[in-house]
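Count residues from 1 along the sequence.
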Amino acid sequence: MLEQQTTFGEALAAWMHARGVSTKRLAELTGYRSKTSIVRILREESVHAGRERLFARMDSLGMLSPDDRRSLARGLELSRVGRQRSQDRRRLRGLLMGQGGGGLSPALDQALEPLRQARAARILMVNACQAEVSATLREILRRHPAHTMEHFVTIDLSAPQPMEALCAVLSIACAPAYACAIREAAPGAREGLRAQDILCFSAQDRDGGSEDTLVIFSGDGGVCVHTQPSSFGLFDYLRRAIGVDGFEPAVSAHFMQEGPESIVEAMRFCTELERGCGERTVKPDVCINEVAGGILRSALLDGGVLRCFPGWTERQMRAQLEEFFYYHDQRYHNAFDGAHRRGRIMSPRSLRRFALTGRFDSPFPAIRPFTVEERIAILENFALHMRRNGENALRFWDAEGELAMEVHCFENVGIIAFPAREAGGLNVNFQTSILRHPRLAALFQECFDDDLLRNCTMPGQEALLYIDGLLNELRAAP
């Protein structure tokens with residue numbers, strides 16, 4: 001459950017009460033002719049510009065401590081976008097920061113134990129977009145490659161359904177055995193099983209026996225659990241009852257791909273997406289397509305890429321390498337000079353590690369560490385395009401913790417998302433792990449532009465100064 005936040009009026013009233021300041025006195029201190037404007041702000045009846053003006057005056061007069069400023073700034077944002085939208089956006093921020101929704105209830109945790117112990121299992125989930133449920137099932141799927149999962153989600157125009165669905169699907173879409181289908185329904189429509197939150201699985205133990213477990217989520221956070229032998233047909237009945245009518249495939253199950261050809265395929269796929277769409281990206285680490293081709297080529301050859309893949313001859317590897325760089329050159333151009341809008345948020349800690357070590361966070365042993373001179377050239381290119389591109393420039397996350405998710409959102413297409421530490425494995429079939437749902441992609445874009453850039457990143461000039469500081473350190477290195 002997300003904590004309750006206060007509006008600007010509520011936060012201001014708390015500040016006034018703690019300091020014994022009346023509405024009349026606050027009006028006098030901040031230059032208002034009467035207390036009417038203050039009263040309207042306290043009642044949330046003022047236009048937003050009025051709230052911003054009062055906040056700026058109080059801050060400029062030295063009336064606010066750092067804690068006061070943070071509390072009123074949070075309230076100001078809540079009053080600007082509304083309580084529900086603010087809560088939705090905090091849910092997305094929590095996903096990006098790796099914050100779960102809390103632990104599973106004891107009853108649900110116990111109900112999932114057969115799934116953890118099963119040799120193989122089929123999983124069917126209807127809605128059930130709670131963060132803790134998605135995170136748990138993702139870990140189970142990662143540890144049990146013989147498990148498969150289908151997720152059917154119904155969303156309507158009412159909040160918070162779309163954001164709950166977006167966060168749930170993004171948190172688990174990278175699991176190879178996960179498939180998701182989404183349907184849009186009229187607000188408030190009740191359609192039997194399709195409107196319920198249900199989890200059902202058929203789990204086979206190591207002796208060949210199989211049981212079906214049905215979990216029904218109640219509105220108060222509890223669960224009802226029923227288990228019976230699979231021979232009774234509970235799982236198969238529910239799967240038929242849910243059906244597929246009205247659902248559109250959003251994420252497809254896929255096989256993990258490894259080796260040079262999978263890397264080239266991923267580069268080709270991403271090149272096509274980046275060429276035709278604007279993109280919003282949350283990526284903690286430096287990406288290979290943001291390193292100039294000559295620098296990357298040298299680091300790959302020196303790192304022994306021609307010898308890193310058993311079973312591949314040097315001639316075959318050179319052919320793969322040339323195709324890789326063909327697409328890499330296009331992606332490098334798209335990253336900085338493409339015709340479509342780009343937005344990028346990075347972890348400052350991650351960039352600092354790259355500057356100090358010359359390595360990406362995501363390990364790829366075929367790339368040797370970049371030299372100090374190469375790192376300077378890479379960062380200078382970042383700074384150059386930040387100065388040139390303005391609002392499309394790189395920005396840095398301003399929170400204390402690390403970014404836990406990597407997300408690429410392509411306009412009118414969909415979203416690719418991974419846990420940050422798994423994103424560099426270069427062994428995922430991007431074509432099927434992408435969440436193809438334009439409305440959910442548009443929701444992410446709105447949050448990126450109107451929340452993440454606005455409230456969760458360093459200002460553009462501060463981000464540029466951060467890069468300049470790293471460059472000065474590198475230039476001063478012996």
- Check each of Q320, R368, M317 against V305 using the side-chain contact (heavy atoms from CB on, under 4.5 Å) test, and report the only one that passes. M317

- Is there a side-chain contact between N127 and Q196 (heavy atoms, below 4.5 Å)? no

- Provide the closest heavy-atom pair for T154 versus A185 in the form atom of the first, atom of the second, distance. CG2-CB, 3.7 Å

- Identify whether the distance between the nearest side-chain nitrogen and carboxylate oxygen of E274 and R341 falls below 4.0 Å. no

- Item | Test side-chain contact (heavy atoms from CB on, under 4.5 Å) applied to Y332 and D337, step by step | CA-CA 8 Å; Y332 182 76; D337 300 306; over 6 Å; no

- Task: Measure from the side-chain N and O atoms of Q316 to the backbone N and O of T313, and report whether any donor-acceptor pair falls under 3.5 Å.
- Result: yes

- Point-to-point distance, once rounded to the nearest 0.5 Å, from CE of M149 to NE2 of H144: 14.5 Å

- salt bridge (Lys or Arg N to Asp or Glu O under 4.0 Å) with R93: which of D88, D398, D451? D451

- Are the side chain of S134 and the backbone of A131 linked by a donor-acceptor contact shorter than 3.5 Å? no

- Less than 4.5 Å apart, any side-chain heavy atom of I288 and any of L296? yes

- Query: Are E77 and R51 close enough for a salt bridge, meaning some N to O gap below 4.0 Å?
  - Reply: no

- Is the gap between the ring centers of F370 and F360 under 6.0 Å? yes

- Message: Taking the six-membered ring for Trp, are F396 and Y466 closer than 6.0 Å centroid to centroid?
- Response: yes

- Between F152 and F247, what is the ring plane arrangement, given parallel below 30°, perpendicular above 60°, and tilted in between? perpendicular

- Query: Do the side chain of T6 and the main chain of E10 share a donor and acceptor less than 3.5 angstrom apart?
  - Reply: no

- D212 with R122: basic N within carboxylate O range, under 4.0 Å: no

- Message: Ignoring hydrogens and geometry beyond distance, is a side-chain donor-acceptor pair present between R83 and Q5 at under 3.5 Å?
- Response: no

- How long is the span from the CH2 atom in W397 to the OG atom in S347, to the nearest 0.5 Å? 10.0 Å

- Message: Measuring only between side-chain heavy atoms, which start at C-beta, is R297 closer than 4.5 Å to E322?
- Response: yes

- Query: Distance only, no hydrogens: is a donor on one side chain within 3.5 Å (strictly under) of an acceptor on the other, for S230 and S210?
  - Reply: yes

- Message: What's the separation between atom CD in Q110 and atom OG in S105, rounded to the nearest 0.5 Å?
- Response: 10.0 Å

- Message: I need the L112 CG to T213 OG1 distance, nearest 0.5 Å.
- Response: 9.0 Å

- E279 and H340: side chain donor to acceptor below 3.5 Å: no

- Does the side chain of P249 come within less than 4.5 Å of R436's, by heavy atoms? no

- Item | H48 side chain to V81 backbone, donor-acceptor under 3.5 Å | no

- Nearest non-hydrogen partners of L78 and S86, listed with the distance: CD1-CB, 3.3 Å

- Report yes or no: does T281 contribute a side-chain atom to a donor-acceptor pair with the main-chain N or O of K283 at less than 3.5 Å? no

- Item | Side chain to side chain, V126 and D197, heavy atoms closer than 4.5 Å | no

- Query: Which is it for L96 and L452 under the side-chain contact (heavy atoms from CB on, under 4.5 Å) test, yes or no, and what are the steps along the way?
  - Reply: CA-CA 10 Å; L96 296 173; L452 301 182; 3.8 Å; yes

- Using distance alone, with no hydrogens and no angle criterion, decide if N381 and H385 have a side-chain donor and acceptor under 3.5 Å apart. yes

- Task: Ignoring hydrogens and angles, tell me if any N or O in the side chain of N334 forms a donor-acceptor pair with the backbone of G338 under 3.5 Å.
- Result: no

- Item | Residues R183, D156: salt bridge by 4.0 Å N-O rule | no

- Thinking salt bridges, do D449 and R280 make one under a 4.0 Å N-O criterion? yes

- Query: Taking all non-hydrogen atoms of both residues, which atom of S79 and which atom of G9 are closest, and how far apart?
  - Reply: OG-N, 4.4 Å

- Correct closest heavy-atom pair for H147 and L141 would be CB-CD2, 3.8 Å

- Item | Ion pair check, E150 and R239, cut-off under 4.0 Å | yes

- Item | R395/E462 ion pair, N-O < 4.0 Å | no

- Using a strict 4.0 Å threshold on nitrogen-to-oxygen distance, state whether E113 and R116 make a salt bridge. yes

- Query: Which is it for I198 and F217 under the side-chain contact (heavy atoms from CB on, under 4.5 Å) test, yes or no, and what are the steps along the way?
  - Reply: CA-CA 6 Å; I198 296 172; F217 297 83; 5.8 Å; no

- If we only count heavy atoms from C-beta on, is the V251 to I172 side-chain gap below 4.5 Å? no

- Which atoms form the tightest heavy-atom contact between L238 and C200, and what is the distance? CD1-SG, 3.7 Å

- Query: What are the two closest heavy atoms between E411 and C277, and how far apart are they?
  - Reply: O-SG, 3.6 Å

- May I ask you to decide if the ring planes of H408 and F410 are parallel, tilted or perpendicular, using 30° and 60° as cut-offs? parallel

- Item | Flag, side chain of S350 to backbone of P284, donor-acceptor distance under 3.5 Å | yes

- Task: State, with a plain yes or no, whether a side-chain heavy atom of L300 is found less than 4.5 Å away from one of F324.
- Result: yes

- Message: The test is side-chain contact (heavy atoms from CB on, under 4.5 Å); show your working for Y178 and L137 and say whether it passes.
- Response: CA-CA 10 Å; Y178 174 82; L137 290 174; over 6 Å; no

- Message: Using 0.5 Å steps for rounding, measure from the CG atom of D205 to the CD atom of E211.
- Response: 8.0 Å

- Side-chain contact test, heavy atoms from C-beta onward, threshold under 4.5 Å: evaluate it for Y327 versus N289 and give yes or no. no

- Task: Give, for atom CZ of R91 and atom CE of M163, the distance between the pair rounded to the nearest 0.5 Å.
- Result: 8.0 Å

- Task: Answer yes or no: is there an ion pair linking R85 with E446, defined by an N-O contact shorter than 4.0 Å?
- Result: yes

- Query: Are any of the side-chain nitrogens in R353 or D285 under 4.0 Å away from the carboxylate oxygens of its partner?
  - Reply: no

